[in-house]
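Residue numbers run from 1 in the order of the sequence given.
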Amino acid sequence: QVQLVESGGGLVQAGDSLRLSCAASGRSFNRTGMGWFRQAAGKERELVGSISGSWSGGTAYYADSVKGRFIISRDNTKNTVYLQMNSLKPEDTAVYYCASNKGILAPRDPRDYDYWGQGTQVTVSS
């Protein structure tokens with residue numbers, strides 16, 4: 001059974017930084033593509049970014065809305081994926097989820113991920 005546990009959310013001001021963590025278990029982590037998604041109130045879940053498994057080069061992809069501000073990384077020794085969020089904006093306010101893909105790639109479609117964390121709230125005040 002795959003388990004994903006996010007942490008690091010909170011309330012910050014616009015311009016601040018925050019780092020989210022997602023600890024994974026139950027699957028060979030270094031061969032697993034991981035994604036970060038978010039869902040704001042009243043909106044659909046959207047991809048923030050994703051990172052392929054290390055055997056596929058650990059390549060990261062970012063949504064245009066966060067490109068240049070957010071960084072995804074992974075530490076295979078800790079089975080953890082991170083989302084470093086810089087220059088936060090009020091429109092970044094959402095519940096953030098990490099997700100695990102059964103394959104090594106990091107798809108952009110949430111339907112391609114089979115396990116999800118419980119989510120962590122990020123609120124950015126203006």
Side-chain angles (χ1 to χ4, degrees):
Q1 182 74 12
V2 176
Q3 290 189 324
L4 303 174
V5 180
E6 299 111 334
S7 60
L11 172 63
V12 297
Q13 294 185 332
D16 285 351
S17 297
L18 206 58
R19 189 178 80 159
L20 305 183
S21 301
C22 173
S25 62
R27 176 175 275 173
S28 182
F29 182 76
N30 62 349
R31 288 183 282 182
T32 298
M34 301 292 294
W36 282 101
F37 293 81
R38 66 186 181 187
Q39 188 166 17
K43 295 187 177 181
E44 293 187 353
R45 190 169 297 189
E46 64 175 1
L47 175 71
V48 175
S50 58
I51 186 167
S52 64
S54 297
W55 288 19
S56 183
T59 303
Y61 166 83
Y62 300 95
D64 287 343
S65 58
V66 306
K67 199 174 295 182
R69 299 189 298 124
F70 290 12
I71 300 171
I72 295 175
S73 62
R74 61 191 302 153
D75 185 340
N76 293 329
T77 66
K78 298 181 179 179
N79 286 0
T80 300
V81 62
Y82 302 98
L83 179 65
Q84 177 67 43
M85 304 185 292
N86 302 318
S87 302
L88 282 161
K89 305 175 181 180
E91 51 264 43
D92 294 319
T93 295
V95 177
Y96 284 71
Y97 300 89
C98 69
S100 174
N101 177 32
K102 61 183 178 181
I104 200 168
L105 299 178
R108 303 172 189 179
D109 190 333
R111 294 171 296 181
D112 291 324
Y113 291 83
D114 56 352
Y115 288 96
W116 294 79
Q118 82 284 358
T120 185
Q121 177 70 46
V122 172
T123 303
V124 184
S125 64
S126 58

Undergrad: Distance alone, cut at 3.5 Å: any donor-acceptor contact between the side chains of N30 and S28?
TA: yes
Undergrad: If you draw a 6.0 Å radius around NZ in K67, do more than 12 non-hydrogen atoms from other residues or ligands fall strictly inside?
TA: yes
Undergrad: Is there a donor-acceptor pair closer than 3.5 Å between any side-chain N or O of E46 and the backbone N or O of Q39?
TA: no
Undergrad: Run the side chain to side chain contact (heavy atoms under 4.5 Å, CB included) check on Y115 and K102 step by step: do they pass?
TA: CA-CA 8 Å; Y115 288 96; K102 61 183 178 181; over 6 Å; no
Undergrad: What's the separation between atom CG in D92 and atom OG1 in T123, rounded to the nearest 0.5 Å?
TA: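 Output value for this atom pair is 11.0 Å.
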Undergrad: Okay, side chain of T93, backbone of V124: is any donor-acceptor separation there less than 3.5 Å?
TA: yes
Undergrad: Side-chain heavy atoms under 4.5 angstrom apart, residues restricted to Ile, Leu, Val, Met, Phe, Trp, Tyr: same cluster for L4 and V48?
TA: yes
Undergrad: Can you tell me if S52 uses its side chain to pair, donor with acceptor, with the backbone of T59 under 3.5 Å?
TA: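 Yes; at least one donor-acceptor contact below 3.5 Å.
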Undergrad: Can you name the nearest heavy-atom pair linking R111 to D109, along with the distance?
TA: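 Residues R111 and D109, closest heavy atoms: NH2-OD2, 2.7 Å.
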Undergrad: Within 45 degrees of the ring normal and closer than 6.0 Å to the centroid, is that where the cationic atom of R45 sits relative to Y97?
TA: yes
Undergrad: Donor-acceptor check, side chain of Q121 to backbone of G10, threshold 3.5 angstrom: yes or no?
TA: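 No, because the side chain of Q121 does not come within donor-acceptor range (under 3.5 Å) of the backbone of G10.
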Undergrad: Do S17 and N86 pair up side chain to side chain, a donor and an acceptor below 3.5 Å, judged on atom types alone?
TA: yes
Undergrad: Tell me whether V66 is reachable from L88 by hopping between hydrophobic residues (I, L, V, M, F, W, Y) whose side-chain heavy atoms are closer than 4.5 Å.
TA: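 L88 and V66: one cluster.
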Undergrad: How close do W116 and P110 get, counting heavy atoms only, and between which atoms?
TA: CZ2-O, 3.5 Å
Undergrad: Between F70 and W36, is the ring centre distance below 6.0 Å?
TA: no
Undergrad: Just by modelled atom types, is the G9 backbone N or O under 3.5 Å from a matching donor or acceptor in the T120 side chain?
TA: yes
Undergrad: Counting neighbours of CD on Q3 that are heavy atoms of other residues, nucleotides or ligands and sit closer than 6.0 Å, is the number greater than 12?
TA: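 Atom CD in Q3 is not packed in, count stays at 12 or less.
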Undergrad: Closer than 3.5 angstrom, by distance alone: can the side chain of R38 be matched with the main-chain N or O of A94 as a donor-acceptor pair?
TA: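 Between the backbone of A94 and the side chain of R38 there is no qualifying donor-acceptor contact (under 3.5 Å).
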Undergrad: Nearest 0.5 Å, please: how far is CG in N76 from OG1 in T32?
TA: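 Taking OG1 in T32 and CG in N76, the distance rounds to 9.0 Å.
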Undergrad: Is NZ or CZ of R74 both nearer than 6.0 Å to the six-membered ring centre of F29 and within 45° of the ring axis?
TA: yes
Undergrad: Is it true that a side-chain atom of Y113 and a backbone atom of G33 form a donor plus acceptor pair closer than 3.5 Å?
TA: no
Undergrad: Would you mind reporting whether L47 and Y62 have side-chain heavy atoms less than 4.5 Å apart?
TA: no
Undergrad: Out of curiosity, does I72 fall in the hydrophobic cluster containing L105 (side-chain heavy atoms, cut-off under 4.5 Å, transitive links)?
TA: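 Different clusters: L105 never reaches I72 through Ile, Leu, Val, Met, Phe, Trp or Tyr contacts under 4.5 Å.
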Undergrad: Taking atom OG of S100 and atom CZ of R27, what is their separation to the nearest 0.5 Å?
TA: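 Atom-to-atom, S100:OG and R27:CZ are 4.0 Å apart.
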Undergrad: Do the side chains of Y61 and L20 join up, straight or via other hydrophobic residues, at under 4.5 Å, putting them in one cluster?
TA: no
Undergrad: Roughly how far apart are I104 CD1 and M34 CE, rounded to 0.5 Å?
TA: 13.0 Å
Undergrad: Quick check: is L83 connected to V12 through a chain of hydrophobic side chains (ILVMFWY, heavy atoms under 4.5 Å apart)?
TA: yes
Undergrad: Less than 4.0 Å between a side-chain N and a carboxylate O, is that true for K89 and D16?
TA: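 No.
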Undergrad: Check for a donor-acceptor pair, side chain of R69 on one end and backbone N or O of S65 on the other, with a separation under 3.5 Å.
TA: yes
Undergrad: Pairing donors with acceptors under 3.5 angstrom, does anything connect the side chains of R19 and Y82?
TA: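 No donor-acceptor contact under 3.5 Å links the two side chains.
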Undergrad: Using distance alone, with no hydrogens and no angle criterion, decide if S50 and R108 have a side-chain donor and acceptor under 3.5 Å apart.
TA: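 Distance-only check fails for S50 and R108.
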Undergrad: What's the spacing between L18 CG and L11 CG if we round to 0.5 Å?
TA: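 Taking CG in L18 and CG in L11, the distance rounds to 9.5 Å.
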